[in-house]
Novice: 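One structure, as structure tokens, below. Some questions next.
Given the structure is predicted, the values throughout are model-derived calculations rather than measurements.
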Amino acid sequence: MAILSSLRRRSAAISVAAVAGATAVGVCLAVSSASAGTLSGSLYRDPSSAVVRWVAANPGDSRAAVIRDKIASQPQARWFANFNPSTVQSEVSGFIGAANAAQQIPVLAVYEITNRDCGGASAGGAPDLNQYQTWVSNFSRGLGNQTVIIILETDSLALLTCLSSAEINARNAAISTATRTIKSGNPNAKVYLDGGHSTWNSAGETANRLRAAGVQYADGFFTNVSNYNSTSSEANFGRAVISALNGMGISGKRQVIDTSRNGGASGDWCGDDNTDRRIGQYPTTNTGDGNIDAYLWVKPPGEADGCRFTAGSFQPDLAFSLANGAPNPPTTTPPTTPPPTTTPPTTTPPTTTPPTTPPNSSPPAGDGCYASIAVNQWAGGFTASVTVTAGKSDINGWNVTVALPGGAVTSAWNAQVSGTSGTVGFTNMSYNGRVLGRQSTTFGFQGTGTGPGVSADCVTS
């Protein structure tokens, strides 16, 4: 891991596979329905996280009770860090479905950007940015329609020293496109971009980088992931970033803060060898601060940074060191309302019914392609999500024509656009032109004025 001068870096956790039948543990987190930010509700505790599985497998360990009560009992982020475009949709859908059934808000950390961590301990990611967009598109299809929190690409904006100016521009475009793709897939997704932390880049520089990466399309930014700066320092830093964004004409953005390891001393960035750390404030959406949407445990406590142990591996000694001596979590009586026994919300229609679209389950009977549109209209503008479905045979390219008599296209993602109003054409990118028979891909666009109708013409290339 390269260390940048005296800056305390972090190395994010690698995602863990779900293990069925993990034993539920410990204390129930109390989260008030009141919230000073834009989020309200209980955060989802992943029953198959590495720490939950360790506690279930080691009930007699002398460290188990402390780790169970103060770490395993808490909601933490699920990291999606493996380049698996063929399976990521089903993995996301399963995780989201479980959270929706529990009537809780899941936190997903996307960590897949090309050249992530500048080749450090958590190096990896998509082979190139075209394949990155394919992965993000598949990821977005599994998000359902309920509230989810997306921590998008830790370090991707704060750590740019290994990239050329052209590579920085390409990364910014990729993150902006990823944000809009996620929002198109689930309009209720809360997306936050990388804000580094309070002892890294200045607030003004951070705001510049956020603007370049399309924070105007996101809900805000996150800070302190896997770091140890105090919550008060991060909140002050966040206010300065928000002020700088307001000065750029970008308003309404909020912060989330990782408090998973900032309850003790600071010091060296790597937590693998330190015993003076403590878990910080327990995760909640009830922050009492109008600028802060949530305090989250993005970096799961007890997972290594990569300087002594493999990055992302769960180490019980680290977890015990963080939890031992820390305050107990808040507790309340569990909700009396049982989880729904009907089909999980991921399979139900959105709570705000979009314009009626032809069912995607009925692709054309013959060859060729078919396109349907879902429009989110507001006063003066709209976004549109277009689903392109292949007929009975595979296609190797598509062109979609949309009638837009009352509006104008201002931007598009996952497609090349020709024209801005009247009849507008959209052509596949290099990474999403091939669609298997009876399968689909999506693209989207944003514009001013009145959006399109619910149908469009699609022909193969």
Side-chain angles (χ1 to χ4, degrees), residues 4 9-10 12 80-81 108-118 122 125-126 128-137 139-140 149-186 189-198 200-225 234 237-238 240-258 293 298 383 410-414 429 444-446:
L4 309 179
R9 281 291 329 290
R10 38 68 46 217
F80 290 83
L108 296 80
V110 173
Y111 194 51
E112 202 57 68
I113 196 71
T114 302
N115 200 14
R116 72 180 183 209
D117 206 29
C118 275
S122 293
D128 57 58
L129 293 178
N130 283 339
Q131 294 183 73
Y132 175 72
Q133 296 301 343
T134 298
W135 187 94
V136 169
S137 294
F139 171 90
S140 301
I149 297 173
I150 307 294
I151 303 299
L152 188 61
E153 301 299 353
T154 297
D155 276 2
S156 61
L157 304 181
L159 178 61
L160 297 174
T161 53
C162 63
L163 302 180
S164 67
S165 59
E167 289 170 330
I168 291 172
N169 290 337
R171 173 173 288 189
N172 287 337
I175 291 173
S176 178
T177 298
T179 300
R180 289 176 286 174
T181 299
I182 291 168
K183 287 283 194 177
S184 178
N186 179 355
K190 297 286 189 177
V191 182
Y192 301 89
L193 306 188
D194 176 37
H197 56 75
S198 59
W200 201 339
N201 300 303
S202 70
E205 176 63 20
T206 298
N208 283 331
R209 296 186 184 193
L210 288 167
R211 177 180 61 176
V215 75
Q216 59 268 34
Y217 303 113
D219 294 273
F221 57 94
F222 59 86
T223 70
N224 212 42
V225 171
E234 292 303 300
F237 175 67
V241 173
I242 290 169
S243 177
L245 289 172
N246 287 338
M248 300 171 183
I250 301 174
S251 61
K253 304 308 170 184
R254 292 177 172 83
Q255 179 185 19
V256 296
I257 301 175
D258 186 356
D293 275 347
V298 180
T383 57
T410 57
S411 62
W413 50 97
N414 295 338
M429 305 294 284
F445 58 97
Q446 182 168 324

Novice: Using every non-hydrogen atom in the two residues, find where I150 and A189 come nearest and quote the distance to one decimal.
Specialist: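 Closest heavy-atom pair between I150 and A189: CG1-CB, 4.5 Å.
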Novice: Taking the side chain as every heavy atom from C-beta outward, state whether F237 and N224 have any pair of such atoms under 4.5 Å apart.
Specialist: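 Side chain of F237 against side chain of N224, heavy atoms only: no contact under 4.5 Å found.
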Novice: Contact between I149 and V256 at the side-chain level, heavy atoms closer than 4.5 Å - yes or no?
Specialist: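 Heavy-atom side-chain distance check fails, nothing below 4.5 Å.
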Novice: Measure the CG-CZ distance between L159 and R116 for me, rounded to the nearest 0.5 Å.
Specialist: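 It comes to 13.0 Å.
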Novice: What residues, two or more places apart in sequence or in another chain, satisfy side chain to side chain contact (heavy atoms under 4.5 Å, CB included) together with E205?
Specialist: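 Here the qualifying residues are N201, S202, N208, R209.
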Novice: What distance do I175 atom CD1 and L152 atom CG have between them, rounded to the nearest 0.5 Å?
Specialist: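 One gets 6.0 Å once the value is rounded to the nearest 0.5 Å.
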Novice: When rounded to the nearest 0.5 angstrom, what distance separates CG in D258 from CZ in F222?
Specialist: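 The CG atom of D258 sits 9.5 Å away from the CZ atom of F222.
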Novice: If you look at every heavy atom in A158 and G196, which pair is closest and at what distance?
Specialist: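 So the two residues come closest at CB-CA, 3.7 Å.
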Novice: Using the test ring-ring contact (aromatic ring centres under 6.0 Å, His included), find all partners of Y132 that sit at least two apart in sequence or belong to another chain.
Specialist: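 For Y132, no residue satisfies ring-ring contact (aromatic ring centres under 6.0 Å, His included) once neighbours in sequence are set aside.
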Novice: Please enumerate all residues that pass side chain to side chain contact (heavy atoms under 4.5 Å, CB included) together with L163, with sequence neighbours excluded.
Specialist: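 Testing L163 for side chain to side chain contact (heavy atoms under 4.5 Å, CB included), a comparison that skips the adjacent residues, returns N115, L160, E167, I168, R171.
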Novice: Is any side-chain heavy atom of L193 closer than 4.5 Å to one of E153?
Specialist: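 A side-chain contact is absent here, since even the closest heavy-atom pair is not under 4.5 Å.
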Novice: So which heavy atom on N246 is nearest to which on G252, and how close?
Specialist: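 Taking N246 first and G252 second, the nearest heavy atoms are OD1-N, 4.3 Å.
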Novice: Any luck finding a side-chain donor-acceptor pair between Q255 and T223 under 3.5 Å?
Specialist: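 Per modelled atom types, Q255 and T223 side chains form a pair under 3.5 Å.
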Novice: Tell me every residue that passes salt bridge (Lys or Arg N to Asp or Glu O under 4.0 Å) with D219, counting only those two or more places apart in sequence or in another chain.
Specialist: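 Here the qualifying residues are K183, K190.
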Novice: Do the side chain of D194 and the main chain of L157 share a donor and acceptor less than 3.5 angstrom apart?
Specialist: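 Yes: the side chain of D194 pairs with the backbone of L157.
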Novice: Let me confirm one number: the CZ-NZ distance from F221 to K253, rounded to the nearest 0.5 Å.
Specialist: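 Result: 11.0 Å between the selected atoms.
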Novice: For a side-chain contact (heavy atoms from CB on, under 4.5 Å) check, start with the C-alpha distance between I182 and F139, then their side-chain angles and the critical distance, and finish with the verdict.
Specialist: CA-CA 8 Å; I182 291 168; F139 171 90; 4.3 Å; yes
Novice: Relative to each other, are the rings of H197 and W200 parallel, tilted or perpendicular (30° and 60° limits)?
Specialist: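 It falls in the tilted class, 30° to 60°.
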Novice: Check whether any side-chain N or O of R180 sits under 3.5 Å from a backbone N or O of Y217 as a donor-acceptor pair, and report yes or no.
Specialist: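 Not at all, since once roles are kept as given, no pair shorter than 3.5 Å links the two residues.
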Novice: Please list, chain by chain and in numerical order, all residues satisfying side chain to side chain contact (heavy atoms under 4.5 Å, CB included) with A244, sequence neighbours excluded.
Specialist: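 Testing A244 for side chain to side chain contact (heavy atoms under 4.5 Å, CB included), a comparison that skips the adjacent residues, returns A207.
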Novice: Looking only at the side chains, is there a donor atom on one of D128 and Q131 sitting less than 3.5 Å from an acceptor on the other?
Specialist: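 Yes - a donor-acceptor pair under 3.5 Å links their side chains.
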Novice: Is the side chain of S176 donor-acceptor paired with the backbone N or O of N172 at a distance under 3.5 Å, no angle test?
Specialist: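 Answer holds: no.
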Novice: By side chain to side chain contact (heavy atoms under 4.5 Å, CB included), which residues pair with S184, not counting sequence neighbours?
Specialist: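 Only S385, W413 meet the side chain to side chain contact (heavy atoms under 4.5 Å, CB included) criterion with S184.
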Novice: Any donor-acceptor pair under 3.5 Å linking the side chain of Q216 with the backbone of I250?
Specialist: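 No; zero donor-acceptor contacts below 3.5 Å.
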Novice: Measure the spacing between OG of S156 and CD of E112 and express it to the nearest 0.5 Å.
Specialist: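 CD of E112 is found 12.5 Å from OG of S156.
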Novice: Would you indicate whether the side-chain heavy atoms of I113 and L129 approach each other to under 4.5 Å?
Specialist: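 In short, these two side chains touch, coming nearer than 4.5 Å.
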